[in-house]
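Worth knowing before you read on, the calculation uses all heavy atoms, side chains too, and leaves out hydrogens, waters and symmetry mates.
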Amino acid sequence: MRVFVFFTLLSIAVLSTAQPLESGTLEFLNSPYDELNPVLGPDGKTLYFTIANHPNNTGGLKDPGDIWYAVLKDHAWSEPIHAGPLLNNRSFNGVAGFAEDGNSVYLLSHYAAGGASPRTQGIAQAQRTGAGWGEPVNITIPYFQNKAGVLYGTMMPAGDVFVFSAETYGTRGVEDLYVTRKDVSGHWTEPRNLGSVINTQFQELCPALSSDGRTMYFSTNGRKGRGSFDIYKATRLDDTWTNWTEPENLGDINTEGRDLFYRPYAAQDLALFTSTKNSDGYGDIKFQGRNEPLQQPVVVKVDTAATIPTPVATDDKHVRVYGRVTNSKTGESIPASITFTVSTATKEAKASETAGYTVQVDAAQEYQVRIEAVGYISTLEKLNIRTYEMSALEMNFKLQPLEVGATVALRNVLFEQGRTNLLSGSSSELDIIVGFLKANPSVKIELAGHTDNRGIPAQNVKLSQARVDKVRDYLIEHGISKNRITGKGYGGAMPIASNDSEETRQLNRRVEFTIKKM
(Lines give C-alpha, C1' and ligand atoms only; values in the text may rest on other atoms or scores of the structure.)
Protein backbone atom coordinates (compact mmCIF):
# COMPACT_ATOMS: atom_id res chain seq x y z
CA MET A 1 0.00 0.00 0.00
CA ARG A 2 1.57 3.31 -1.02
CA VAL A 3 0.72 6.97 -0.60
CA PHE A 4 1.66 9.12 -3.58
CA VAL A 5 2.93 12.41 -2.15
CA PHE A 6 4.66 14.63 -4.68
CA PHE A 7 7.62 16.96 -4.13
CA THR A 8 10.04 18.77 -6.45
CA LEU A 9 13.23 17.19 -5.18
CA LEU A 10 15.15 14.11 -6.23
CA SER A 11 17.92 12.74 -4.03
CA ILE A 12 21.11 11.05 -5.11
CA ALA A 13 22.65 9.34 -2.09
CA VAL A 14 26.33 8.44 -2.46
CA LEU A 15 27.75 6.41 0.41
CA SER A 16 31.39 5.56 0.93
CA THR A 17 32.66 2.30 2.39
CA ALA A 18 35.22 -0.31 1.50
CA GLN A 19 32.59 -2.29 -0.38
CA PRO A 20 32.37 -1.42 -4.11
CA LEU A 21 28.64 -2.15 -4.10
CA GLU A 22 27.85 0.60 -1.66
CA SER A 23 30.10 3.19 -3.28
CA GLY A 24 28.30 2.81 -6.60
CA THR A 25 26.52 5.98 -7.69
CA LEU A 26 22.72 5.89 -7.72
CA GLU A 27 22.42 8.52 -10.44
CA PHE A 28 20.57 6.25 -12.87
CA LEU A 29 18.99 3.85 -10.39
CA ASN A 30 16.19 5.93 -8.90
CA SER A 31 13.53 7.60 -10.98
CA PRO A 32 10.45 9.80 -10.63
CA TYR A 33 8.48 6.57 -10.19
CA ASP A 34 8.08 4.46 -7.05
CA GLU A 35 11.02 2.12 -6.40
CA LEU A 36 10.07 -0.71 -4.01
CA ASN A 37 11.41 -3.93 -2.52
CA PRO A 38 15.15 -3.86 -3.41
CA VAL A 39 16.76 -7.32 -3.26
CA LEU A 40 20.42 -8.00 -4.00
CA GLY A 41 21.02 -10.85 -6.45
CA PRO A 42 23.25 -13.87 -5.72
CA ASP A 43 26.21 -12.36 -7.61
CA GLY A 44 26.24 -9.27 -5.37
CA LYS A 45 26.26 -7.04 -8.45
CA THR A 46 22.68 -7.33 -9.69
CA LEU A 47 19.97 -5.42 -7.87
CA TYR A 48 16.34 -6.49 -8.37
CA PHE A 49 13.52 -4.16 -7.39
CA THR A 50 9.93 -3.30 -8.20
CA ILE A 51 8.81 -0.09 -9.90
CA ALA A 52 5.15 0.87 -9.50
CA ASN A 53 3.05 2.65 -12.12
CA HIS A 54 5.86 2.89 -14.66
CA PRO A 55 4.62 3.49 -18.23
CA ASN A 56 6.73 0.55 -19.45
CA ASN A 57 5.28 -1.91 -16.94
CA THR A 58 3.23 -4.79 -18.34
CA GLY A 59 0.02 -3.00 -17.41
CA GLY A 60 1.31 0.52 -18.07
CA LEU A 61 0.70 3.35 -15.64
CA LYS A 62 -2.01 1.41 -13.80
CA ASP A 63 0.30 -1.55 -13.14
CA PRO A 64 0.96 -1.79 -9.35
CA GLY A 65 4.51 -3.03 -9.91
CA ASP A 66 6.85 -4.89 -12.27
CA ILE A 67 10.26 -6.39 -11.51
CA TRP A 68 13.23 -4.44 -12.88
CA TYR A 69 16.95 -4.84 -12.27
CA ALA A 70 20.19 -2.87 -12.49
CA VAL A 71 23.80 -4.06 -12.84
CA LEU A 72 26.81 -2.65 -11.01
CA LYS A 73 29.71 -1.85 -13.36
CA ASP A 74 32.66 0.46 -12.82
CA HIS A 75 31.24 1.56 -9.44
CA ALA A 76 27.99 2.76 -10.97
CA TRP A 77 24.55 1.23 -11.35
CA SER A 78 23.11 0.89 -14.81
CA GLU A 79 19.77 2.32 -15.77
CA PRO A 80 16.89 0.03 -14.70
CA ILE A 81 16.16 -2.87 -17.08
CA HIS A 82 12.72 -4.46 -17.25
CA ALA A 83 12.87 -8.12 -16.20
CA GLY A 84 10.64 -9.24 -19.06
CA PRO A 85 7.26 -10.92 -19.61
CA LEU A 86 7.99 -14.21 -17.82
CA LEU A 87 8.47 -12.61 -14.40
CA ASN A 88 5.90 -9.84 -14.86
CA ASN A 89 2.16 -9.63 -15.40
CA ARG A 90 -0.51 -7.03 -14.71
CA SER A 91 -0.54 -7.85 -10.98
CA PHE A 92 2.04 -6.75 -8.43
CA ASN A 93 5.38 -8.50 -9.03
CA GLY A 94 8.40 -8.58 -6.75
CA VAL A 95 11.33 -10.71 -5.65
CA ALA A 96 11.08 -12.50 -2.28
CA GLY A 97 14.63 -13.91 -2.32
CA PHE A 98 17.02 -16.38 -3.90
CA ALA A 99 17.98 -19.99 -3.21
CA GLU A 100 21.33 -20.68 -1.58
CA ASP A 101 22.89 -21.82 -4.85
CA GLY A 102 21.58 -18.75 -6.69
CA ASN A 103 19.76 -20.86 -9.29
CA SER A 104 16.22 -20.20 -8.07
CA VAL A 105 14.35 -16.94 -7.52
CA TYR A 106 11.24 -16.72 -5.32
CA LEU A 107 8.53 -14.34 -6.49
CA LEU A 108 5.82 -12.39 -4.66
CA SER A 109 2.86 -13.46 -6.79
CA HIS A 110 1.19 -16.28 -8.63
CA TYR A 111 1.30 -16.48 -12.43
CA ALA A 112 -1.08 -17.56 -15.16
CA ALA A 113 -0.54 -18.70 -18.74
CA GLY A 114 0.13 -16.04 -21.33
CA GLY A 115 0.91 -13.33 -18.78
CA ALA A 116 -2.72 -13.04 -17.68
CA SER A 117 -3.61 -11.91 -14.17
CA PRO A 118 -3.68 -14.97 -11.90
CA ARG A 119 -6.88 -16.18 -10.24
CA THR A 120 -4.99 -17.56 -7.23
CA GLN A 121 -2.69 -15.98 -4.66
CA GLY A 122 0.64 -16.92 -3.18
CA ILE A 123 4.28 -17.10 -4.22
CA ALA A 124 6.13 -18.71 -7.13
CA GLN A 125 9.57 -20.01 -8.04
CA ALA A 126 11.58 -19.70 -11.24
CA GLN A 127 14.77 -21.53 -12.21
CA ARG A 128 17.83 -20.03 -13.84
CA THR A 129 18.36 -21.02 -17.47
CA GLY A 130 21.04 -20.25 -20.02
CA ALA A 131 18.88 -17.39 -21.27
CA GLY A 132 17.93 -15.94 -17.87
CA TRP A 133 15.05 -16.90 -15.59
CA GLY A 134 12.58 -19.55 -16.70
CA GLU A 135 8.82 -19.55 -16.43
CA PRO A 136 7.60 -19.28 -12.81
CA VAL A 137 5.91 -22.25 -11.13
CA ASN A 138 3.26 -21.42 -8.54
CA ILE A 139 3.75 -22.60 -4.94
CA THR A 140 0.60 -23.63 -3.07
CA ILE A 141 0.23 -22.40 0.51
CA PRO A 142 -2.94 -23.71 2.23
CA TYR A 143 -5.48 -21.08 3.31
CA PHE A 144 -3.43 -18.29 1.79
CA GLN A 145 -5.41 -15.08 1.33
CA ASN A 146 -4.30 -11.47 1.00
CA LYS A 147 -6.89 -8.72 0.58
CA ALA A 148 -4.20 -6.04 0.46
CA GLY A 149 -3.70 -6.43 -3.29
CA VAL A 150 0.10 -6.40 -3.07
CA LEU A 151 2.30 -8.95 -1.30
CA TYR A 152 5.51 -8.03 0.52
CA GLY A 153 7.76 -10.65 2.12
CA THR A 154 11.04 -12.52 2.29
CA MET A 155 11.98 -16.13 1.54
CA MET A 156 14.95 -17.59 3.42
CA PRO A 157 17.74 -18.93 1.15
CA ALA A 158 17.00 -22.53 2.21
CA GLY A 159 13.53 -22.09 0.69
CA ASP A 160 11.77 -23.30 3.83
CA VAL A 161 10.58 -20.13 5.62
CA PHE A 162 8.53 -17.29 4.13
CA VAL A 163 7.58 -14.24 6.23
CA PHE A 164 5.15 -11.77 4.73
CA SER A 165 2.60 -9.02 5.34
CA ALA A 166 -1.04 -9.60 4.46
CA GLU A 167 -4.51 -8.35 5.19
CA THR A 168 -6.72 -11.34 5.87
CA TYR A 169 -9.38 -12.61 8.24
CA GLY A 170 -8.37 -12.16 11.86
CA THR A 171 -5.73 -9.48 11.35
CA ARG A 172 -5.42 -7.05 14.25
CA GLY A 173 -5.55 -4.06 11.96
CA VAL A 174 -4.92 -3.78 8.24
CA GLU A 175 -1.81 -5.76 7.23
CA ASP A 176 -0.26 -8.07 9.87
CA LEU A 177 2.93 -10.12 9.64
CA TYR A 178 2.70 -13.89 9.08
CA VAL A 179 4.98 -16.87 8.59
CA THR A 180 4.59 -20.13 6.65
CA ARG A 181 7.15 -22.95 6.79
CA LYS A 182 7.88 -26.06 4.79
CA ASP A 183 7.32 -29.19 6.91
CA VAL A 184 9.30 -32.44 6.85
CA SER A 185 7.09 -33.79 4.06
CA GLY A 186 7.90 -30.79 1.86
CA HIS A 187 4.46 -29.17 2.19
CA TRP A 188 3.88 -25.59 3.28
CA THR A 189 2.01 -24.94 6.52
CA GLU A 190 -0.94 -22.58 6.71
CA PRO A 191 0.11 -18.99 7.52
CA ARG A 192 0.55 -18.16 11.20
CA ASN A 193 0.10 -14.68 12.65
CA LEU A 194 3.28 -13.51 14.40
CA GLY A 195 1.29 -12.30 17.39
CA SER A 196 0.47 -9.17 19.34
CA VAL A 197 4.06 -8.29 20.31
CA ILE A 198 4.76 -7.62 16.62
CA ASN A 199 1.37 -6.73 15.13
CA THR A 200 -0.73 -3.67 16.00
CA GLN A 201 -4.12 -2.35 14.89
CA PHE A 202 -2.30 -0.44 12.15
CA GLN A 203 -0.04 -1.65 9.31
CA GLU A 204 2.96 -3.94 9.56
CA LEU A 205 4.72 -4.30 6.22
CA CYS A 206 7.68 -5.80 4.30
CA PRO A 207 9.38 -8.14 6.81
CA ALA A 208 12.92 -9.43 6.25
CA LEU A 209 15.07 -11.84 8.27
CA SER A 210 18.72 -11.91 9.27
CA SER A 211 20.84 -14.70 7.81
CA ASP A 212 20.23 -16.91 10.87
CA GLY A 213 16.46 -16.30 10.77
CA ARG A 214 16.36 -14.97 14.36
CA THR A 215 16.14 -11.21 13.85
CA MET A 216 13.29 -9.72 11.86
CA TYR A 217 13.19 -6.25 10.34
CA PHE A 218 9.87 -4.68 9.36
CA SER A 219 8.09 -1.35 8.92
CA THR A 220 5.01 -0.13 10.74
CA ASN A 221 2.91 2.98 11.27
CA GLY A 222 1.47 1.53 14.47
CA ARG A 223 4.15 2.71 16.92
CA LYS A 224 5.48 6.06 18.02
CA GLY A 225 8.10 6.70 15.38
CA ARG A 226 9.71 9.53 13.47
CA GLY A 227 7.38 9.50 10.51
CA SER A 228 4.54 7.68 8.83
CA PHE A 229 6.40 4.33 8.56
CA ASP A 230 9.51 3.55 10.60
CA ILE A 231 11.76 0.49 10.44
CA TYR A 232 11.95 -1.76 13.53
CA LYS A 233 13.70 -4.96 14.50
CA ALA A 234 12.75 -7.76 16.90
CA THR A 235 14.38 -11.04 17.90
CA ARG A 236 12.57 -14.38 17.85
CA LEU A 237 12.79 -16.14 21.21
CA ASP A 238 11.68 -19.64 20.21
CA ASP A 239 10.41 -21.71 17.29
CA THR A 240 6.72 -20.85 17.75
CA TRP A 241 7.24 -17.64 15.73
CA THR A 242 4.86 -15.85 18.10
CA ASN A 243 7.32 -15.10 20.93
CA TRP A 244 9.41 -11.99 20.20
CA THR A 245 11.35 -9.30 21.97
CA GLU A 246 9.71 -5.88 22.03
CA PRO A 247 10.31 -4.23 18.62
CA GLU A 248 13.14 -1.69 18.62
CA ASN A 249 13.18 1.40 16.40
CA LEU A 250 16.31 1.46 14.20
CA GLY A 251 16.90 5.11 15.07
CA ASP A 252 18.61 7.56 12.74
CA ILE A 253 17.88 5.59 9.59
CA ASN A 254 14.22 6.51 10.07
CA THR A 255 12.86 9.84 8.89
CA GLU A 256 9.60 11.78 8.90
CA GLY A 257 8.83 10.08 5.57
CA ARG A 258 8.04 6.43 4.71
CA ASP A 259 10.95 4.08 5.43
CA LEU A 260 10.36 0.57 4.12
CA PHE A 261 11.86 -2.70 2.81
CA TYR A 262 14.92 -2.90 5.07
CA ARG A 263 17.09 -5.92 4.16
CA PRO A 264 20.49 -6.62 5.73
CA TYR A 265 23.35 -8.26 3.78
CA ALA A 266 26.00 -9.36 6.24
CA ALA A 267 28.46 -10.56 3.59
CA GLN A 268 28.52 -7.12 1.96
CA ASP A 269 28.33 -5.30 5.32
CA LEU A 270 25.37 -3.22 4.18
CA ALA A 271 21.60 -2.97 4.12
CA LEU A 272 19.11 -1.91 1.48
CA PHE A 273 15.88 -0.01 2.11
CA THR A 274 13.62 2.61 0.53
CA SER A 275 12.60 6.05 1.76
CA THR A 276 10.50 8.97 0.61
CA LYS A 277 12.74 11.40 2.50
CA ASN A 278 14.63 13.70 0.12
CA SER A 279 13.25 11.84 -2.86
CA ASP A 280 10.91 12.91 -5.62
CA GLY A 281 7.97 11.98 -3.43
CA TYR A 282 7.98 8.31 -4.29
CA GLY A 283 10.23 5.72 -2.71
CA ASP A 284 13.91 5.82 -3.66
CA ILE A 285 16.39 3.01 -3.02
CA LYS A 286 18.98 3.75 -0.32
CA PHE A 287 22.10 1.94 0.95
CA GLN A 288 23.33 1.88 4.53
CA GLY A 289 26.74 0.67 5.69
CA ARG A 290 26.57 -1.26 8.94
CA ASN A 291 29.56 0.47 10.49
CA GLU A 292 29.01 3.97 9.22
CA PRO A 293 26.22 6.53 9.68
CA LEU A 294 23.99 7.32 6.76
CA GLN A 295 25.40 10.32 4.93
CA GLN A 296 23.32 13.28 3.89
CA PRO A 297 22.20 12.95 0.25
CA VAL A 298 23.00 15.41 -2.47
CA VAL A 299 19.76 17.09 -3.54
CA VAL A 300 19.11 17.87 -7.20
CA LYS A 301 16.06 19.76 -8.40
CA VAL A 302 13.79 18.06 -10.89
CA ASP A 303 11.24 19.77 -13.09
CA THR A 304 7.84 18.29 -12.32
CA ALA A 305 4.27 19.46 -12.51
CA ALA A 306 3.23 17.44 -9.46
CA THR A 307 0.95 18.74 -6.74
CA ILE A 308 2.03 19.36 -3.14
CA PRO A 309 -0.79 18.65 -0.67
CA THR A 310 -1.45 21.45 1.80
CA PRO A 311 -0.28 20.31 5.24
CA VAL A 312 -2.61 20.41 8.22
CA ALA A 313 -1.11 21.91 11.36
CA THR A 314 -1.23 19.74 14.47
CA ASP A 315 -0.55 20.10 18.18
CA ASP A 316 -0.28 17.59 21.01
CA LYS A 317 -4.07 17.23 21.17
CA HIS A 318 -4.58 16.45 17.51
CA VAL A 319 -3.38 13.93 14.95
CA ARG A 320 -2.99 14.52 11.24
CA VAL A 321 -4.42 11.47 9.44
CA TYR A 322 -3.60 11.14 5.76
CA GLY A 323 -3.44 8.55 3.00
CA ARG A 324 -5.23 7.50 -0.15
CA VAL A 325 -8.05 5.29 -1.35
CA THR A 326 -7.38 2.71 -4.06
CA ASN A 327 -9.15 0.17 -6.23
CA SER A 328 -8.56 -3.18 -4.47
CA LYS A 329 -8.09 -4.98 -7.79
CA THR A 330 -5.84 -2.58 -9.70
CA GLY A 331 -4.17 -0.49 -6.98
CA GLU A 332 -5.23 2.65 -8.84
CA SER A 333 -5.99 5.74 -6.71
CA ILE A 334 -9.64 6.78 -6.72
CA PRO A 335 -11.59 9.82 -5.44
CA ALA A 336 -13.59 9.00 -2.31
CA SER A 337 -15.26 10.42 0.78
CA ILE A 338 -13.93 9.48 4.22
CA THR A 339 -15.89 10.21 7.39
CA PHE A 340 -14.38 9.93 10.89
CA THR A 341 -17.03 9.58 13.60
CA VAL A 342 -16.62 9.67 17.40
CA SER A 343 -19.75 9.88 19.58
CA THR A 344 -21.92 12.38 17.69
CA ALA A 345 -19.06 14.38 16.16
CA THR A 346 -17.79 13.79 12.63
CA LYS A 347 -14.88 14.93 10.52
CA GLU A 348 -15.05 14.53 6.75
CA ALA A 349 -12.27 14.37 4.18
CA LYS A 350 -12.18 14.08 0.41
CA ALA A 351 -9.57 11.89 -1.25
CA SER A 352 -8.39 12.92 -4.70
CA GLU A 353 -6.71 10.70 -7.29
CA THR A 354 -3.44 12.63 -7.08
CA ALA A 355 -2.98 13.94 -3.54
CA GLY A 356 -5.06 11.51 -1.49
CA TYR A 357 -6.59 13.02 1.63
CA THR A 358 -5.52 14.68 4.87
CA VAL A 359 -7.60 15.55 7.93
CA GLN A 360 -6.98 16.60 11.52
CA VAL A 361 -8.75 14.65 14.27
CA ASP A 362 -8.65 14.72 18.07
CA ALA A 363 -6.06 12.52 19.76
CA ALA A 364 -6.86 9.73 22.26
CA GLN A 365 -10.20 8.85 20.66
CA GLU A 366 -11.74 5.79 19.02
CA TYR A 367 -13.23 6.47 15.59
CA GLN A 368 -15.42 4.67 13.12
CA VAL A 369 -14.20 5.44 9.62
CA ARG A 370 -16.60 5.22 6.70
CA ILE A 371 -15.15 5.11 3.18
CA GLU A 372 -17.39 5.65 0.14
CA ALA A 373 -16.82 6.15 -3.58
CA VAL A 374 -19.06 6.09 -6.63
CA GLY A 375 -18.88 2.68 -8.34
CA TYR A 376 -17.36 0.94 -5.30
CA ILE A 377 -18.64 -0.98 -2.29
CA SER A 378 -18.63 1.17 0.85
CA THR A 379 -16.73 -0.09 3.87
CA LEU A 380 -16.27 0.60 7.58
CA GLU A 381 -12.98 0.59 9.50
CA LYS A 382 -12.00 1.37 13.08
CA LEU A 383 -9.31 3.73 14.32
CA ASN A 384 -8.27 3.78 17.97
CA ILE A 385 -5.79 6.55 18.77
CA ARG A 386 -4.74 5.70 22.31
CA THR A 387 -2.15 8.40 22.88
CA TYR A 388 -1.52 12.13 22.74
CA GLU A 389 2.05 11.52 21.56
CA MET A 390 1.27 10.68 17.92
CA SER A 391 1.41 13.66 15.58
CA ALA A 392 0.68 11.99 12.24
CA LEU A 393 -0.79 8.70 11.05
CA GLU A 394 -1.05 7.23 7.57
CA MET A 395 -4.25 5.27 6.82
CA ASN A 396 -4.79 3.83 3.35
CA PHE A 397 -8.02 2.19 2.25
CA LYS A 398 -9.01 -0.22 -0.51
CA LEU A 399 -12.49 -0.40 -1.99
CA GLN A 400 -13.88 -3.26 -4.06
CA PRO A 401 -15.31 -2.29 -7.44
CA LEU A 402 -19.06 -2.64 -7.75
CA GLU A 403 -19.41 -5.78 -9.91
CA VAL A 404 -21.24 -9.07 -9.99
CA GLY A 405 -19.40 -11.70 -7.95
CA ALA A 406 -17.74 -9.28 -5.52
CA THR A 407 -17.81 -10.73 -1.99
CA VAL A 408 -17.56 -8.64 1.16
CA ALA A 409 -16.94 -9.99 4.66
CA LEU A 410 -18.90 -8.19 7.38
CA ARG A 411 -16.02 -8.12 9.85
CA ASN A 412 -17.82 -5.91 12.38
CA VAL A 413 -21.12 -7.83 12.40
CA LEU A 414 -20.70 -10.05 15.46
CA PHE A 415 -22.98 -12.41 17.40
CA GLU A 416 -23.14 -13.72 20.94
CA GLN A 417 -21.45 -17.10 21.36
CA GLY A 418 -23.71 -19.83 19.98
CA ARG A 419 -26.65 -17.43 19.57
CA THR A 420 -28.21 -15.09 17.01
CA ASN A 421 -28.16 -11.92 19.14
CA LEU A 422 -26.11 -9.17 17.52
CA LEU A 423 -23.37 -7.65 19.65
CA SER A 424 -23.36 -3.90 20.19
CA GLY A 425 -21.61 -2.07 17.39
CA SER A 426 -22.80 -4.45 14.67
CA SER A 427 -25.46 -1.99 13.50
CA SER A 428 -22.82 0.48 12.24
CA GLU A 429 -21.63 -1.89 9.52
CA LEU A 430 -25.15 -3.05 8.75
CA ASP A 431 -26.15 0.59 8.26
CA ILE A 432 -23.31 0.90 5.75
CA ILE A 433 -24.85 -1.97 3.78
CA VAL A 434 -28.28 -0.34 3.99
CA GLY A 435 -26.88 2.91 2.62
CA PHE A 436 -25.00 1.07 -0.11
CA LEU A 437 -28.13 -0.83 -1.24
CA LYS A 438 -30.23 2.34 -1.21
CA ALA A 439 -27.62 4.14 -3.31
CA ASN A 440 -27.58 1.22 -5.79
CA PRO A 441 -31.24 0.18 -6.11
CA SER A 442 -30.60 -2.38 -8.88
CA VAL A 443 -28.13 -4.42 -6.81
CA LYS A 444 -29.23 -7.77 -5.42
CA ILE A 445 -27.14 -9.64 -2.85
CA GLU A 446 -26.83 -13.09 -1.33
CA LEU A 447 -25.90 -13.40 2.34
CA ALA A 448 -23.79 -16.36 3.47
CA GLY A 449 -23.32 -17.52 7.06
CA HIS A 450 -20.44 -19.73 8.21
CA THR A 451 -19.30 -21.40 11.43
CA ASP A 452 -16.26 -23.41 12.47
CA ASN A 453 -16.50 -27.22 12.50
CA ARG A 454 -17.03 -27.74 16.22
CA GLY A 455 -20.30 -29.25 17.33
CA ILE A 456 -22.95 -31.13 15.39
CA PRO A 457 -22.88 -30.23 11.67
CA ALA A 458 -26.67 -30.00 11.35
CA GLN A 459 -26.85 -27.59 14.28
CA ASN A 460 -24.06 -25.46 12.80
CA VAL A 461 -26.02 -25.15 9.57
CA LYS A 462 -29.12 -24.18 11.54
CA LEU A 463 -27.21 -21.56 13.56
CA SER A 464 -25.54 -20.04 10.50
CA GLN A 465 -28.91 -19.86 8.71
CA ALA A 466 -30.50 -18.15 11.72
CA ARG A 467 -27.73 -15.56 11.74
CA VAL A 468 -28.19 -14.91 8.03
CA ASP A 469 -31.92 -14.44 8.66
CA LYS A 470 -31.10 -11.97 11.45
CA VAL A 471 -28.99 -9.85 9.12
CA ARG A 472 -31.58 -10.08 6.33
CA ASP A 473 -34.35 -8.99 8.72
CA TYR A 474 -32.27 -5.98 9.79
CA LEU A 475 -31.80 -4.86 6.18
CA ILE A 476 -35.49 -5.29 5.40
CA GLU A 477 -36.53 -3.40 8.55
CA HIS A 478 -34.38 -0.51 7.39
CA GLY A 479 -36.04 -0.13 4.01
CA ILE A 480 -34.46 -2.71 1.68
CA SER A 481 -36.87 -4.83 -0.36
CA LYS A 482 -36.86 -8.49 0.64
CA ASN A 483 -36.76 -9.40 -3.06
CA ARG A 484 -33.22 -8.01 -3.23
CA ILE A 485 -31.80 -10.23 -0.50
CA THR A 486 -31.33 -13.99 -0.43
CA GLY A 487 -29.32 -15.91 2.09
CA LYS A 488 -28.05 -19.31 3.09
CA GLY A 489 -26.29 -20.82 6.07
CA TYR A 490 -23.43 -23.18 5.24
CA GLY A 491 -22.37 -24.21 8.74
CA GLY A 492 -18.75 -25.34 8.74
CA ALA A 493 -18.73 -26.66 5.19
CA MET A 494 -16.76 -23.74 3.65
CA PRO A 495 -13.77 -22.93 5.89
CA ILE A 496 -11.24 -20.34 4.82
CA ALA A 497 -8.72 -21.46 7.47
CA SER A 498 -7.84 -24.48 9.55
CA ASN A 499 -10.08 -25.52 12.45
CA ASP A 500 -7.12 -26.83 14.48
CA SER A 501 -6.72 -23.77 16.74
CA GLU A 502 -8.98 -21.07 18.17
CA GLU A 503 -6.95 -18.41 16.36
CA THR A 504 -7.90 -19.86 12.98
CA ARG A 505 -11.37 -21.14 13.94
CA GLN A 506 -12.53 -17.59 14.53
CA LEU A 507 -11.70 -16.80 10.90
CA ASN A 508 -14.27 -19.36 9.81
CA ARG A 509 -17.09 -17.83 11.92
CA ARG A 510 -18.24 -15.10 9.55
CA VAL A 511 -21.08 -13.52 7.57
CA GLU A 512 -20.50 -12.35 4.00
CA PHE A 513 -22.51 -10.97 1.14
CA THR A 514 -21.97 -11.43 -2.58
CA ILE A 515 -23.36 -9.23 -5.34
CA LYS A 516 -25.54 -11.47 -7.51
CA LYS A 517 -27.15 -8.95 -9.85
CA MET A 518 -26.73 -5.31 -10.84
Classify the ring geometry of Tyr474 against His478: parallel below 30°, tilted from 30° to 60°, perpendicular beyond 60°. parallel
Are any of the side-chain nitrogens in Glu403 or Lys329 under 4.0 Å away from the carboxylate oxygens of its partner? yes
Run the numbers on Asn57 and Asn53 for side-chain hydrogen bond (donor to acceptor under 3.5 Å, both in side chains), then give the verdict. CA-CA 7 Å; Asn57 280 357; Asn53 306 110; over 6 Å; no
Are side-chain N/O atoms of Asn460 and Ser464 paired as donor and acceptor at under 3.5 Å? no
Given side chains that start at C-beta, do those of Thr379 and Arg370 come closer than 4.5 Å, heavy atoms only? no
Which word best sums up how the rings of Phe164 and Phe144 line up, parallel for under 30°, tilted for 30 to 60°, or perpendicular for over 60°? tilted
I'd like to know if the side chain of Ser343 reaches the main chain of Ala345, judged simply by a donor and an acceptor atom lying under 3.5 Å from each other, with no hydrogens or angles considered. no
Go through the side-chain N and O atoms of Thr341 and Gln368 and say whether any donor and acceptor fall under 3.5 Å apart. no
Okay, side chain of Glu167, backbone of Glu175: is any donor-acceptor separation there less than 3.5 Å? no
Just by distance, with hydrogens left out, do Thr168 and Gln145 show a side-chain donor and acceptor under 3.5 Å apart? yes
Residues Arg192, Glu190; criterion salt bridge (Lys or Arg N to Asp or Glu O under 4.0 Å); working and verdict: CA-CA 6 Å; Arg192 183 167 193 175; Glu190 65 182 75; over 6 Å; no
Between the main-chain N or O of Ser328 and the side-chain N or O of Thr326, is there a donor-acceptor pair closer than 3.5 Å? no
Asn88 and Thr58: side-chain donor and acceptor closer than 3.5 Å? no
Audit row: Arg263, Thr154, side-chain hydrogen bond (donor to acceptor under 3.5 Å, both in side chains) steps and yes/no: CA-CA 9 Å; Arg263 284 182 184 248; Thr154 298; 3.2 Å; yes
NZ/NE/NH1/NH2 to OD/OE distance under 4.0 Å, Glu348 and Lys350: no
What's the verdict on salt bridge (Lys or Arg N to Asp or Glu O under 4.0 Å) for Asp34 and Arg258, showing C-alpha distance, side-chain angles and the deciding distance? CA-CA 12 Å; Asp34 194 5; Arg258 290 165 53 91; over 6 Å; no
Answer yes if the side chains of Asn146 and Tyr152 hold a donor-acceptor pair under 3.5 Å, and no otherwise. no
N-O pairing of Asp452 and Arg509 below 4.0 Å: yes
If the test is ring-ring contact (aromatic ring centres under 6.0 Å, His included), which one of Tyr232, Tyr262, Phe261 qualifies with Tyr217? Tyr262
Any side-chain donor paired with an acceptor under 3.5 Å for Thr200 and Glu204? yes
Have Asp183 and Thr189 got a donor and an acceptor in their side chains that come within less than 3.5 Å? no
Regarding His110 and Thr120, is there a side-chain donor-to-acceptor distance under 3.5 Å anywhere? yes
Quiz question: by atom type and distance under 3.5 Å, do the side chains of Asp66 and His54 form a donor-acceptor pair? no
Can you label the angle between the Tyr490 ring and the His450 ring as parallel, tilted or perpendicular, going by 30° and 60°? parallel
Distance alone, cut at 3.5 Å: any donor-acceptor contact between the side chains of Asn327 and Tyr376? yes
